[in-house]
Chemist: 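Before I ask anything, let me first share the structure, which is written out below as structure tokens.
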Amino acid sequence: MPRVTLEQWRMLQAVVEAGGFARAAERVHKSPSSINHAVQQLEARLGVEVFEIQGRRAVLTAAGEALLRRAGHLLEEAAEIETLAGALAAGVESEIRLALDQLLPRAPVIAALEDFSRAYPATRIQLHEVVLSGGPDMLRSAAADILLAPELPSGYLGGCVGELSMICVAHPGHPLARSDQPLTRRDLQAQRQIVVRDSGAESAGEGGWVEADQRWTVSHMSTACEILRSGIGFAWMPEDRIAADLAAGRLVELPLEAGGRHNVPFYIAHADRDRAGAAARALMAALEAAFGGSSSEPPER
């Protein structure tokens, strides 16, 4: 068992922060004699002097400074434990697992998480970046509490919180970008397409139009963007991810005869809405607000 109690460490910290025993007593609502006794007990049990008298002032010794630094961390951790216990007693989750499809914009999600963290600082977030069936798989297997994605597993209700624009793009030096005629299906089939791998456990699908004779499959959207900037292939990408590249001329929109742009709605869903705690409900509300308002419920999928 520890020889020094948290209360004794708190008394020591109060004396230093207040600048004396009398002021510390006022701050922590104890008598000066109680404060003095606590510090004396601390020194006796540790066998170290934490204060030395200089004139009329008690000043921390070098050992006292070192101990107080560690004690400060100890007191902060104890306060966090009590905060967490209070949150758990109030039905607040200690951790939330969020599955986020890589297609979706990141800025609103980060803004929502920042707002959420201020209200629920003790709740940890596990963020899983998924592709296609990977998100629905996690929700269905209870590996995720909340899903934010274009697809929902059957049997789950999800609110539509927005839509994203997918654009067919390539490097300006790519052969497809130099065409002065609308591009056809055959034009695309003859070139290399960059696609992002489905992260689902059992699905090998790649989603969308995937008919090019040459095809490179990667695991992350950022990798696909890097390959596109190098001029190696073409791909349909979320406008949010490539807006800066389009503005700077690093990528260009391809002139397809049809389907060069299409909108994809995306949804938010909870694995079990009836059992969602206060933190999960707050996070869902923050995400809905970040994407521009309350969600509308589509039919069950």
Side-chain angles (χ1 to χ4, degrees), residues 97-107 109 126-141 143-144 147-154 163-179 183-246 248-267 301:
R97 300 161 300 172
L98 172 62
L100 174 67
D101 196 284
Q102 290 185 31
L103 286 178
L104 273 64
R106 293 300 185 266
V109 176
Q126 289 279 355
L127 179 61
H128 300 270
E129 295 182 279
V130 296
V131 180
L132 295 174
S133 68
D137 280 359
M138 290 189 71
L139 196 69
R140 191 166 35 235
S141 64
L147 171 66
L148 196 57
E151 292 291 334
L152 297 176
S154 60
E163 64 178 21
L164 53 90
S165 179
M166 300 292 292
I167 308 177
C168 190
V169 296
H171 187 275
H174 193 277
L176 292 174
R178 297 199 297 266
S179 174
L183 299 171
T184 67
R185 172 181 175 180
R186 289 188 177 183
D187 293 326
L188 298 180
Q189 284 178 321
Q191 299 295 327
R192 179 179 294 109
Q193 183 179 4
I194 310 301
V195 298
V196 181
R197 180 178 295 107
D198 190 335
S199 65
E202 299 180 2
S203 175
E206 291 160 319
W209 189 92
V210 188
E211 296 185 25
D213 294 333
Q214 304 176 63
R215 187 161 69 251
W216 286 8
T217 303
V218 300
S219 297
H220 204 280
M221 197 70 63
S222 60
T223 307
C225 288
E226 289 292 334
I227 293 173
L228 290 171
R229 294 185 195 110
S230 71
I232 294 176
F234 75 94
W236 273 267
M237 298 294 293
E239 185 174 13
D240 168 78
R241 285 293 184 99
I242 57 169
D245 292 306
L246 291 173
R250 293 186 292 267
L251 296 176
V252 295
E253 184 175 352
L254 297 180
L256 273 60
E257 64 176 4
R261 279 180 177 251
H262 60 274
N263 293 330
V264 178
F266 53 91
Y267 307 91
R301 299 175 68 84

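Start at 1 with the first residue, then count along the sequence. Treat the numbers as computed from the prediction; the structure is a model and nothing was measured.
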Chemist: Minimum heavy-atom separation for Pro105 and Val109, please, with both atom names.
Modeler: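 Minimum heavy-atom contact is O-CG2, 3.6 Å.
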Chemist: What's the shortest heavy-atom distance between Cys168 and Phe234, and which atoms?
Modeler: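 It is SG-CD1, 3.8 Å.
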Chemist: With side chain to side chain contact (heavy atoms under 4.5 Å, CB included) as the criterion, how do Ser165 and Arg261 come out once you've worked through the C-alpha distance, each side chain's angles and the decisive distance to 0.1 Å?
Modeler: CA-CA 7 Å; Ser165 179; Arg261 279 180 177 251; 3.7 Å; yes
Chemist: Any sub-3.5 Å donor-acceptor pair from Asp198's side-chain atoms to Ser133's backbone N or O?
Modeler: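 Present.
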Chemist: So do the side chains of Glu129 and Arg106 get within less than 4.5 Å of each other, counting heavy atoms only?
Modeler: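 In short, these two side chains touch, coming nearer than 4.5 Å.
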Chemist: Do Gln214 and Arg192 pair up side chain to side chain, a donor and an acceptor below 3.5 Å, judged on atom types alone?
Modeler: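 Short answer, yes.
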Chemist: When you look at Val195 and Trp216, which way does the side chain to side chain contact (heavy atoms under 4.5 Å, CB included) test go after all the steps?
Modeler: CA-CA 6 Å; Val195 298; Trp216 286 8; over 6 Å; no
Chemist: If we count only N and O atoms by modelled type, under 3.5 Å, do the side chains of Arg197 and Thr217 hold a donor and an acceptor together?
Modeler: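 Result is no, nothing qualifies.
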Chemist: Can you name the side chain to side chain contact (heavy atoms under 4.5 Å, CB included) partners of Ala224, sequence neighbours left out?
Modeler: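 Here the qualifying residues are Ile194, Val196, Val218, Met237.
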Chemist: Work out which heavy atom in His171 is nearest to a heavy atom in Gly231; give both atom names and the distance.
Modeler: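 Shortest heavy-atom separation between His171 and Gly231 comes out as CB-CA, 3.4 Å.
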Chemist: Would the distance check show the side chain of Asp101 and the main-chain N or O of Leu132 forming a donor-acceptor pair, the cut-off being under 3.5 Å?
Modeler: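 It does hold such a pair.
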Chemist: How close do Tyr267 and Pro150 get, heavy atom to heavy atom, and via which atoms?
Modeler: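 That closest heavy-atom pairing would be CE1-O, 3.5 Å.
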Chemist: For Arg241 and Gln102, indicate whether the former's side chain and the latter's backbone hold a donor-acceptor pair under 3.5 Å.
Modeler: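 Side chain of Arg241 to backbone of Gln102: a pair is present.
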Chemist: Find out whether Arg250 and Ile242 are in side-chain contact, i.e. whether some heavy atom of one side chain is under 4.5 Å from a heavy atom of the other.
Modeler: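 No; the side chains remain at least 4.5 Å from each other.
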Chemist: Hey, does the side chain of Ser179 reach the backbone of Leu176 with a donor-acceptor pair shorter than 3.5 angstrom?
Modeler: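 No.
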Chemist: In Å, rounded to the nearest 0.5 Å, how long is the span from CG of Asp187 to CG of Leu256?
Modeler: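 So the gap between those two atoms works out to 8.5 Å.
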Chemist: So Leu147 and Leu100, do their side chains get closer than 4.5 Å, heavy atoms only?
Modeler: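 Answer no - side chains too far apart.
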Chemist: Please name the pair of heavy atoms, one in Ala177 and one in Pro172, separated by the smallest distance, quoted to 0.1 Å.
Modeler: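 Between these two residues, the closest heavy atoms are CB-O, 3.6 Å.
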Chemist: To check you understand the geometry: which heavy-atom pair defines the closest contact between Pro153 and Arg140, and what is its length?
Modeler: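 The answer is CB-NH1, 3.0 Å.
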